[in-house]
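For reference, the structure is listed below as C-alpha cells.
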Amino acid sequence: MRLSPLVVVANRLPIDDSVAPDGAFEWRRSPGGLVSALHPLLRHTPATWVGWAGGTGPAPELPDVDGVRMHTVPLSADDFRDHYEGFANATLWPLYHDAVEQPEYHRRWWEAYQRVNQRFAEAAAQVAEPGGLVWVQDYHLQLVPGLLRELRPDLRIGFFLHVPFPPPELFMQLPRRAELLRGMLGADLVGFQRAQAAHNFAQLATKVLGLPASDRRIGVDGRVVRIGAFPVAIDTAEMSALAARPEVAERAHRLRQDLGRPEHVILSVDRMDYTKGIEQRLKAYRELLANGDIKVRDTVLVQVAVPSRDRVAQYQILRDRVEHQVGRINGEFGRVGEPAIHYLTQPFDRAELVALYRVADVMAVTPLRDGMNLVAKEYVAARVDGTGALLLSEFAGAASELEQAYLVNPHDLDGLKQGLLAALRAGPEDVAARMRAMRDHLARNDIHAWAASYLSALEESGTLAGRRPAA
Ligand code: ADP
Ligand code: G6P
C-alpha cells in the first residue's frame, strides 16, 4: 500500500462507471459540483482520492486519474439504498436545503450511515502517511473526521461541506444531531460555503453539545476546532481557455444555427434535482410565452437536466413532472421544427457544455437553495467575449459573490418573470459592465486560491490545536 501526504475523502470518485450508447461499459467523469471543483485542483499532485466508484458489490481497481491515485470504497446494495439514497439523499440533502422536500428519518438508514462512514475512515487511515493531511468532503461523510481521529490521532484533518448547513430550527429535527456534530468536530478545521453556515454550526455546538463556540472557533475535548467560510470555486483560467478554443467557438456558432438562429438563447444546466427550481423556471417561461412577452421564433430555451439519484422517489416524481411540463409547453407553443424548449438529459463532455455556455445570451440559474452552484461560475468564466447575462437566484451561494448578476427570488413567480425579461432586454453596456465585474472576481477567486486559503487555515489550526506527533 503506497502512502500519501494528501488524502481526499469524498463519497464520489471523479470517475463513474456508466454505459456508453453502444452498450459498452465505460468510465466517465461524474457530473456534480464536488467533482468539478476538486478534479482540476488535485491534477498532478501526489494525492489519493478515497471514494465510491458508483456501483454496488466489490470495489473495482481503478487506474490513476491525471496522476491522482484512486482508492475505491465498496458499497453493497444495502449500503447504496440506506446510506447513499437513504440517509445522505433522503434525510440530509432535503433537510440541508431548507426542507424544500420532506426529509425522512429511519433508524436503519442511520445504521448504514455509521457503517459506511466507518469504512471510509478506515480506508483513509490506511492510505494517509504519518502526520499527513486528510481532507474529508461533504454531507455523506460527516462522521469520518471523528472516527478518523480515533484511528489516527497523528493526522491533520479538514472537513468541507459543499452544501448549505441549515439553521438550528431545521437541524434540530435530526434524531442523531449530537453524533453528527461530534463527528464533524473531529476535524481541525470545518469549512462551509458561507459565513451564515459557520454561524449556524457554532450556535448548534453550544445548544446541542454545550461547547464554548464563536463563529471562528469551537473548543472540544481540550482541542480548538477552527470554523469558517471558504466559498468553493472553479478553475477559471482552464474554463476560459477551453471556451476560447477555435473549435469550441465554431461549435457554438453551429449550435446557434441548429437552434434556428433565434435572437435570444436562454440556457439552464442542472442535475435533475428538486433544489434547482426547474419547475418554477418552466412555469415562468410558460407564462411569458402565454402573455406574448416572448415568442418562440425569437427566443428559445435550452434546458439540460441530467438525471441524478434516479431511484429516490422524490427525484422520480420531479422528473415525471418536468417532462410533463416540457411536453405541455412544447405542445402548446412549439411549431414544426421550432420547439419552445430544447430538453436534453444527456451528460456532455466539457467542450460541448462550454459551447452551450458560449451560445447562451442568458443563463438562468434559479435554484431554491444551493450551497454554491458552479454552473453559474462556469458560465461567467466561459464568456470570453465579455457578453452574456446571468440570471441568478438569491438562494445560491454564488449570489454572495456574483452580486452583479440579475438576482431573483425563484419562489416569486412574477419576480422570476421580470428578472428573465430584464436579462433578455438589458442593454449591451449594462450586460458588459456586469460581466466584467463578475469575470474579474472569478479571475481572482479561483479554485487554486480556494485551496490555498483552506489549506493555510488548516495548517494554522494544526498549531493552535497542538497536534500530536506523527505515529
Ligand atoms: P451540484 O453540485 O448540485 O451538482 P453545481 O452547479 O455546483 O451543482 O455543479 C454541477 C456540475 O455538474 C457543474 O460542474 C456542471 O458543469 C456539471 N454538469 C451539470 N450537468 C451536466 C451535464 N449534463 N453533463 C456534464 N456535466 C454536467
Ligand atoms: C452535489 C453534492 C456532491 C455530489 C453531487 C452529485 O454537488 O454536494 O457531494 O457528488 O451533488 O451528486 P451524486 O449523488 O451523483 O454524487
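All residue numbers refer to positions in the sequence shown, counting from 1. Since the structure is predicted, the reported quantities are computational estimates derived from the model, not experimental observations. Atoms within each ligand, like the ligands themselves, are counted from 1 in listed order.
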Which residue and heavy atom of the protein sit nearest atom 3 (C) of ligand 2, plus the separation: Asp138 OD2, 3.3 Å

Residue pair Gln303 / Ile278, side-chain heavy-atom distance below 4.5 Å: yes

Residues in the immediate environment of ligand 1 (any heavy atom closer than 4.0 angstrom): Pro31, Gly32, Gly33, Ser36, Val269, Arg271, Lys276, Val304, Val306, Gln346, Pro347, Phe348, Arg350, Leu353, Tyr357, Asn373, Leu374, Val375, Glu378

Heavy-atom nearest option to atom 4 (C) of ligand 2, drawn from His162, Arg271, Gln137, Arg309: Arg309

Side chains of His83 and Trp109 in contact at under 4.5 Å (non-hydrogen atoms): no

Minimum-distance protein heavy atom relative to atom 7 (O) of ligand 2: Gly33 N, 3.4 Å

Proximity flag Val163 to ligand 2, non-hydrogen atoms under 4.0 Å: yes

More than 12 heavy atoms of other groups within 6.0 Å of Arg115 CZ: yes

Closest protein heavy atom to atom 15 (O) of ligand 2, given as residue, atom name and distance to 0.1 Å: Arg12 NH2, 3.0 Å

cation_pi(Arg119, Trp52) dist<6.0 Å, angle<=45: no

Those atoms of ligand 2 less than 4.0 Å from some heavy atom in His140: 9 (O)

Cation-pi geometry met for Arg434 and Tyr406 (6.0 Å, 45°): yes

Pairing of Glu111 and Arg107 as salt bridge, 4.0 angstrom limit: no

Atom 14 (O) of ligand 2 - nearest protein heavy atom and its distance: Tyr84 OH, 2.5 Å

Donor on one side chain, acceptor on other, Thr366 and Arg281, under 3.5 Å: yes

Beyond-backbone contact of Tyr285 with Ile266, side-chain heavy atoms, under 4.5 angstrom: yes

4.5 Å side-chain heavy-atom contact, Phe120 and Leu147: no

